Novice: 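Mind looking over this structure? Questions follow.
Small disclaimer: the values here were computed from a predicted structure and weren't measured.
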Amino acid sequence: MKYTTRQSAILLLSDGTIFHGKSIGISGKTFGEVCFNTGMTGYQEIFTDPSYFGQIMVTTNPHIGNYGINDLEVESESVKIAGLVCKNFSFNYSREGASGSLEDYFAKQNLICISDVDTRALVSYIRDNGAMNAVICTDGTSIEDLKKELANVPDMEGLELASKVSTKEPYFVGDENATYKISALDLGIKKNILRNLAKRDCYIKVFPYDSTYEDLTAFNPDGYFLSNGPGDPDPLYGAIEVAEKIIAEDKPLFGICLGHQVIALANGVKTYKMFGGHRGINHPVKNLITGKGEITSQNHGFAVKREALEGHPELELTHIHLNDDTVAGMRMKNKNCFSVQYHPEASPGPHDSSYLFDQFVENIKTSKV
């Protein structure tokens, strides 16, 4: 293999800390909130997950790109992360099912990446100091100029991002002759969520994030779904109002991640920005109803306030995250509504929690009797 030199690059954090590395060849700079994912596989699914919009991703797996990319292994139509930080970027790849290299994939979408970074030190720093804004620079811009630009990047808290990733027009997924019809509010929905619903005999109409309750009910659905997505749930006033009206109607409602937080806000339970967030495919969760443990895929920087949830007369805590005892799931005692903070559709990740889709369909069946 021919030896080539690569342009020096830096990662500058908002507190002034600098990490040095090398550019993979795409010149420029990109801004976002820096966070890390502990998954050991599934990098393409992670990069295309709309929930990561506006975030610079640090991967703890030391080798990224070694199995290339596959056109079928995407969770949306484009890369959603703001940039990538990794240890070793593999320009060569080896997999029979690969359709191209990660380098070419990034080049087509102009995604800026810094490699050869001490990611162990960086992840440790984020764990100690919390998620914060950062910039990856591969074009030689001065540190002082970067600091000025970085100071103008808005914080994730209070930031509405669902509008950046939601569909612009409604669309359908599944067999139109399926037994059940579902209206799904797209706050940044992953494709594998829709696949999981469709294979359970559901026909889904996916609506833009700013759709009204009347828009969703016009489909005459048997149940409603509120999707995952990026950003702070608090500014999603329209989605919160939709959730309030669905709950009042008492038709089956299921929410995942951002949708889970929206359901909490619709019940008057506040959310908060986490210090570091949960991002990975090996997070332990306990189902308090069954007593069973689950290994789950997670990706969120906000959470529901547990004390407020437990003090709510109509809500019940159903799942907890075993690393920090944060809220991982809840249900309403008097309504046909439940939600989880993690990803039962995984992609990537384990399938321990796929039963939640079965539970949703069972709720629909029961409500139709």
Novice: Can you confirm whether the side chains of D139 and S27 place a donor and an acceptor under 3.5 Å from each other?
Specialist: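 Per modelled atom types, D139 and S27 side chains form no pair under 3.5 Å.
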Novice: Side chains of D324 and T326: do they bring a donor and an acceptor to under 3.5 Å?
Specialist: yes
Novice: Can you tell whether the side chains of K181 and E176 come within less than 4.0 Å, N to carboxylate O?
Specialist: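 Answer for the salt bridge query: no.
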Novice: Examine I81 and M156 and state if one hydrophobic cluster contains both, with Ile, Leu, Val, Met, Phe, Trp and Tyr joined whenever side-chain heavy atoms are less than 4.5 Å apart.
Specialist: no
Novice: side-chain hydrogen bond (donor to acceptor under 3.5 Å, both in side chains), that's the test. Do Q44 and Y67 meet it? Break it down for me.
Specialist: CA-CA 10 Å; Q44 189 180 356; Y67 58 80; over 6 Å; no
Novice: Side-chain contact, heavy-atom cut-off 4.5 Å: F219 with F172?
Specialist: yes
Novice: Which value, rounded to the nearest 0.5 Å, describes the distance between Y224 atom OH and L185 atom CG?
Specialist: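 The distance works out to 11.5 Å.
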Novice: Within the 3.5 Å criterion, strictly below it, is a donor on T48 or E45 matched to an acceptor on the partner's side chain?
Specialist: no
Novice: Could you walk me through whether T17 and D15 pass side-chain hydrogen bond (donor to acceptor under 3.5 Å, both in side chains), step by step?
Specialist: CA-CA 6 Å; T17 304; D15 67 359; 2.9 Å; yes
Novice: Quick check on the 6.0 Å ring-centre criterion: do F91 and F89 meet it?
Specialist: yes
Novice: Return the orientation label for the H283 and H278 ring planes: parallel under 30°, perpendicular over 60°, tilted otherwise.
Specialist: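 Correct class here is tilted.
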Novice: Check this for me: does any side-chain nitrogen of one of E310 and R306 sit under 4.0 Å from a carboxylate oxygen of the other?
Specialist: yes
Novice: Which atom pair, heavy atoms only, marks the closest approach of C137 to K29?
Specialist: CA-CB, 4.1 Å
Novice: Are the charged groups of E75 and R195 less than 4.0 angstrom apart, N to O?
Specialist: yes
Novice: Side chains of D201 and T179 only: does a donor on one sit below 3.5 Å from an acceptor on the other?
Specialist: yes
Novice: Taking the six-membered ring of F47 (Phe, Tyr or Trp), confirm whether the NZ or CZ of K80 is under 6.0 Å from its centre and within 45° of its axis.
Specialist: no
Novice: I'd like to know whether CZ of R95 has more than 12 heavy-atom contacts from other residues, nucleotides or ligands below 6.0 angstrom.
Specialist: yes
Novice: Check R6 with D116, please: is the shortest side-chain N to carboxylate O separation under 4.0 Å?
Specialist: yes
Novice: Please say yes or no: joined through hydrophobic side-chain contacts below 4.5 Å, possibly via intermediate residues, are Y105 and I114 part of one cluster?
Specialist: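 Hydrophobic grouping puts Y105 with I114.
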Novice: Find the distance between CG (D186) and NZ (K205) and round it off to the nearest 0.5 Å.
Specialist: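 So the CG of D186 and the NZ of K205 are separated by 13.5 Å.
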Novice: Please walk me through it: do N363 and T366 pass side-chain hydrogen bond (donor to acceptor under 3.5 Å, both in side chains)?
Specialist: CA-CA 5 Å; N363 287 353; T366 302; 5.5 Å; no
Novice: State, yes or no, whether a side-chain contact exists between V135 and L11 at a heavy-atom distance under 4.5 Å.
Specialist: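 No, every pair of side-chain atoms sits at 4.5 Å or beyond.
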Novice: Applying side-chain hydrogen bond (donor to acceptor under 3.5 Å, both in side chains) to S367 and N336, what does each step give before you reach the verdict?
Specialist: CA-CA 8 Å; S367 71; N336 200 338; 4.6 Å; no
Novice: Considering all heavy atoms of both residues, which atom of K22 and which atom of S8 are nearest to each other, and what is their separation?
Specialist: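 Between these two residues, the closest heavy atoms are NZ-OG, 3.7 Å.
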Novice: For the residue pair L258 and P230, what are the closest heavy atoms and their distance?
Specialist: CD2-O, 3.7 Å
Novice: Centroid separation under 6.0 Å, is that true for the rings of F302 and Y272?
Specialist: no
Novice: At their closest point, which heavy atom of N196 faces which heavy atom of K199, and how far apart are they?
Specialist: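 Here N196 and K199 meet closest at O-CG, 3.5 Å.
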Novice: For N323 and P284, work out which heavy atoms get closest and say how close.
Specialist: OD1-CG, 3.4 Å
Novice: Do L253 and I204 sit in the same hydrophobic cluster, where Ile, Leu, Val, Met, Phe, Trp and Tyr count as joined when their side-chain heavy atoms come under 4.5 Å apart?
Specialist: no
Novice: Go through the side-chain N and O atoms of H343 and S297 and say whether any donor and acceptor fall under 3.5 Å apart.
Specialist: no
Novice: Inspect the contact between E144 and K148 and indicate whether a charged nitrogen and a carboxylate oxygen are less than 4.0 angstrom apart.
Specialist: no
Novice: Are Y125 and M132 side-chain neighbours, meaning at least one heavy-atom pair lies under 4.5 Å?
Specialist: yes
Novice: Give the intermediate values and the outcome of salt bridge (charged side-chain N to carboxylate O under 4.0 Å, His left out) for residues K273 and E33.
Specialist: CA-CA 13 Å; K273 178 77 162 60; E33 182 185 70; 2.9 Å; yes
Novice: Do the side chains of E316 and K335 get close enough for a salt bridge, i.e. N-O under 4.0 angstrom?
Specialist: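 Between K335 and E316 there is no salt bridge, as every charged N stays at least 4.0 Å from the carboxylate O atoms.
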Novice: Hey, are the side chains of N133 and V34 touching, using non-hydrogen atoms and a 4.5 Å cut-off?
Specialist: no
Novice: Tell me whether R331 is salt-bridged to E314, with the criterion being a basic N under 4.0 Å from an acidic carboxylate O.
Specialist: no
Novice: Within the 3.5 Å criterion, strictly below it, is a donor on N228 or S51 matched to an acceptor on the partner's side chain?
Specialist: yes
Novice: Would a 4.5 Å heavy-atom cut-off, applied to side chains only, mark F275 and R127 as touching?
Specialist: no
Novice: Counting only heavy atoms from other residues, nucleotides and ligands, does the tally under 6.0 Å from CD of E307 exceed 12?
Specialist: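 No.
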Novice: Between atom CG of L226 and atom SG of C337, what is the distance when rounded to the nearest 0.5 Å?
Specialist: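 These two atoms lie 8.0 Å from each other.
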Novice: Please round to the nearest 0.5 Å and tell me the distance separating atom CE of M57 and atom SG of C86.
Specialist: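 Answer for the CE-SG pair, M57 versus C86, is 12.0 Å.
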Novice: Answer yes or no: is there a side-chain heavy-atom contact under 4.5 Å between T38 and I281?
Specialist: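 The answer is no, as the side chains (C-beta and beyond) never meet within the 4.5 Å cut-off.
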Novice: With side chains defined as the heavy atoms from C-beta onward, is the minimum distance between L84 and I64 less than 4.5 Å?
Specialist: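 A side-chain contact exists here, since the closest heavy-atom pair is under 4.5 Å.
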Novice: Side chains of S101 and E103: donor-acceptor distance under 3.5 Å anywhere?
Specialist: no
Novice: Could you walk me through whether E294 and N287 satisfy the side-chain contact (heavy atoms from CB on, under 4.5 Å) test, starting with their C-alpha distance in whole Å, then the side-chain angles of each, then the deciding distance to 0.1 Å, before giving a yes or no?
Specialist: CA-CA 7 Å; E294 304 168 23; N287 184 323; 3.7 Å; yes
Novice: Would you check if V285 and I320 make a side-chain contact, meaning some heavy-atom pair closer than 4.5 Å?
Specialist: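 The answer is no, as the side chains (C-beta and beyond) never meet within the 4.5 Å cut-off.
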Novice: Verify side-chain contact (heavy atoms from CB on, under 4.5 Å) between N267 and I247, making sure each step is shown before the conclusion.
Specialist: CA-CA 9 Å; N267 280 284; I247 290 168; 3.7 Å; yes
Novice: Any carboxylate oxygen within less than 4.0 angstrom of a Lys/Arg side-chain nitrogen, looking at D358 and R200?
Specialist: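 Here D358 pairs with R200 in a salt bridge, since their nearest N and O are under 4.0 Å apart.
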Novice: So N299 and D49, side-chain contact (heavy atoms from CB on, under 4.5 Å) or not? Walk me through it.
Specialist: CA-CA 9 Å; N299 167 22; D49 181 349; 3.2 Å; yes
Novice: Counting the benzene-type ring for Trp, do F254 and F225 have ring centres under 6.0 Å apart?
Specialist: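 Distance test on ring centres: under 6.0 Å, yes.
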Novice: Pairing donors with acceptors under 3.5 angstrom, does anything connect the side chains of Y213 and E244?
Specialist: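 No - no donor-acceptor pair under 3.5 Å links their side chains.
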Novice: Check whether V85 and L12 end up in the same hydrophobic cluster, where Ile, Leu, Val, Met, Phe, Trp and Tyr are linked by side-chain heavy atoms less than 4.5 Å apart.
Specialist: no
Novice: I need the T60 OG1 to N37 CG distance, nearest 0.5 Å.
Specialist: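 The CG atom of N37 is 6.5 Å from OG1 of T60, to the nearest 0.5 Å.
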Novice: To check you understand the geometry: which heavy-atom pair defines the closest contact between L197 and F357, and what is its length?
Specialist: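 It is CD2-CD2, 3.8 Å.
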Novice: Rounded to the nearest 0.5 Å, what separation is found between the CZ atom of F106 and the CD1 atom of I69?
Specialist: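 Rounded to the nearest 0.5 Å, the CZ-CD1 separation comes out at 10.0 Å.
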Novice: Go through the steps for I240 and V242 under the test side-chain contact (heavy atoms from CB on, under 4.5 Å), then give the verdict.
Specialist: CA-CA 5 Å; I240 294 168; V242 168; over 6 Å; no
Novice: Donor-acceptor check, side chain of S353 to backbone of P344, threshold 3.5 angstrom: yes or no?
Specialist: no
